[in-house]
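Just so it is clear, the values below take in all heavy atoms, side chains as well, and ignore hydrogens, waters and symmetry mates. Sequence lines set the chain letters: A, B, ... in the order given, protein chains first and strands last, and positions in each chain run from 1.
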2 protein chains.
Amino acid sequence: MRSETRIRVMEVVARLGYRANQHARNLRAGQSRLIGVFYSNPSRNYLGEIQIGALQRGNAEGFSIAFEHLEEGGPPRGGAALAGAVLIPPLTEDQALMASLMEAGTPFVRLSHTLAEGEVGHVTMDDEAAAQEMMRHLIGLGHRRIAFIAGPLSHPQSHLREAGYRASLAAAGLSVDESLIARGAFDYESGLSAATGLLGRNPCPTAIFASNDDMAAAVLAVAFRSGLRVPQQLSVAGFDDTPLASVVYPALTTISQPSREMASVAVGMLLDKRTSESPEKAILPYRLVVRETTAAPEV
Amino acid sequence: MRSETRIRVMEVVARLGYRANQHARNLRAGQSRLIGVFYSNPSRNYLGEIQIGALQRGNAEGFSIAFEHLEEGGPPRGGAALAGAVLIPPLTEDQALMASLMEAGTPFVRLSHTLAEGEVGHVTMDDEAAAQEMMRHLIGLGHRRIAFIAGPLSHPQSHLREAGYRASLAAAGLSVDESLIARGAFDYESGLSAATGLLGRNPCPTAIFASNDDMAAAVLAVAFRSGLRVPQQLSVAGFDDTPLASVVYPALTTISQPSREMASVAVGMLLDKRTSESPEKAILPYRLVVRETTAAPEV
DNA sequence: CTGAAAGCGCTAACAT
DNA sequence: ATGTTAGCGCTTTCAG
């Protein structure tokens, strides 16, 4: 087409306000530019990070991101036709969901350390090693009675982090005191009751390692209320390094989980699907972030 | 169709794994089941609430929600065809965006107190009255030197909340001390420097009213670091009642902004568009939530 | 280089 | 009660 003609066309396009119909394009092309992110009940702060990461990568390549809250076991929404999907824990283990996605021919990526059938790939970090690194930090500081607040059984991460806790104790020649392990639900409220129980023990633990930041923030509140100074009388550690960790006072020592990058890599895998064939696996690095809530125990 | 036939058909559908093509449906129907929520740079915690509200209402009616991060002044993504859009502050004032939406024939609802041309409706709360209620609370407690951390000029809310602060002072017969007004950006970092400046004044204010929770959390941290006990030596008030407010220690006295409901009502307006004709306006109620950070000043 | 036509998969209207 | 057809707006292919 002559450039002169092209210009004339563009003029008319502008004058008439013509806009290509996306629906027709999608139908014709047999694909949309929409990626779904499915989640059920992760910590709010964690989800926020995931969203940012997914949005950044998706938008950069001209894709929109739809976030869908799914009840576990429930069917995915048929509402929109998706170019791909990202599964956030604990939905990463939802077999029915994955079966349904495969049947619809929707490629998906999971934020999980296991490999599932049919996935384009999965992205993860080494939760167990990270938990061990935190424990080394605590033990290195001189702590011996270290309590642990585990996450819900439904989240694969819960098991890995707890395994890291136990392994570290064993490696340091310390015995595991089951009464020092409480189970929470990755939210603030459950952290409150777990911490209350743990701090009521005698002798009291000198450190509490909560397996996510929300629960660690709750430990902080309970400690303050019982007049315990942090970190002098009680060390507190979290996990995830969500924005909450640095906003709380004292700022939390935690494990920086690259949630944002994980989401961004996951979306990237979906976009690059054309290239690759066999499922990919990405293991992203974590980082121990020492802030103000951990110190050597008194006495 | 006979029910017997219907059953036979369903069987075949199941056996062949037939699934209706959404693209074709959308094209045929001339509309999608996707609603866009546009935002630029609100507080993370506030955005989280908005997302929950939008998701709840949308998903309940079988609509998906796409969140789009837009640079201010930038064009909306052409990626997906939307059934409607919700504009989050400060994008509510973006004329170019609205023009572009109107041209594309996409109905939109704004989270703003002003009425804009072409919108289906807007939903809001009375920020100024809410700020006044918080001030009455503080003044009633006996505070006279009350500092204020305002928000960024780009957010309409900033002006309203500040106006409420000033009006309350005047109503109580107190003069406005401009050196007691700092400006932040609705985030934690800016709250840190604003608080540092304010607490360095002599005489020191007995209360600081931050115009959102993130900045109020920063005030808490600065107060702790300078050895000021909250609320005995310094009262702190926030605004929004995001999840952060109750997770921080001490828990924040704040204004409960019904962000979640605002988003849900906004999505509802879009869905009910068929019914209504002239732009609607919804004003949702706020609520003063007194928690642990405010008390009568010492002396 | 420009113009015409077929077809993506669905649904609503019409004919049997 | 069932079967057929036209057309949504785009893109790709083929013909002129």
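Checking side-chain atoms of A/D240 against main-chain N and O of A/T242 turns up no donor-acceptor pair under 3.5 Å.
Within the nucleic acid shown, A/R25 comes within 4.0 Å of sugar-phosphate atoms alone, with no base atom in reach, counting heavy atoms only. Among the atoms of the strands shown, none is found under 4.0 Å from any heavy atom of B/A29.
The distance from atom CG of A/N26 to atom P of C/dC8 is 17 Å, rounded to the nearest whole Å. Taking atom CZ on A/R19 and atom P on D/dG9, their separation rounds to 15 Å, with Å as the unit. One atom, CZ of A/R28, and another, P of C/dA6, lie 14 Å apart when rounded to the nearest Å. Following rounding to the nearest Å, B/H23 (NE2) and D/dC10 (C1') show an atom-to-atom distance of 13 Å. At whole-Å resolution of the value, CD in A/Q22 and P in D/dC8 are 19 Å apart. Separating the CG atom of A/N21 from the P atom of C/dG9 is a distance of 17 Å, rounded to the nearest angstrom. Rounded to whole Å, the distance from CG on B/L27 to P on C/dA12 is 13 Å. In this structure, CD of A/Q31 is placed 17 Å from P of D/dC10, rounded to the nearest angstrom.
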TODO: Carefully, step by step, assess A/S211 and A/E162 under the rule side-chain contact (heavy atoms from CB on, under 4.5 Å).
DONE: CA-CA 8 Å; A/S211 58; A/E162 183 174 338; over 6 Å; no
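The aromatic rings of B/F67 and A/F67 lie tilted to each other, with the angle between the two planes from 30° to 60°.
Nearest approach of A/A245 to A/D213, heavy atoms of both residues: CB-OD2, 3.5 Å.
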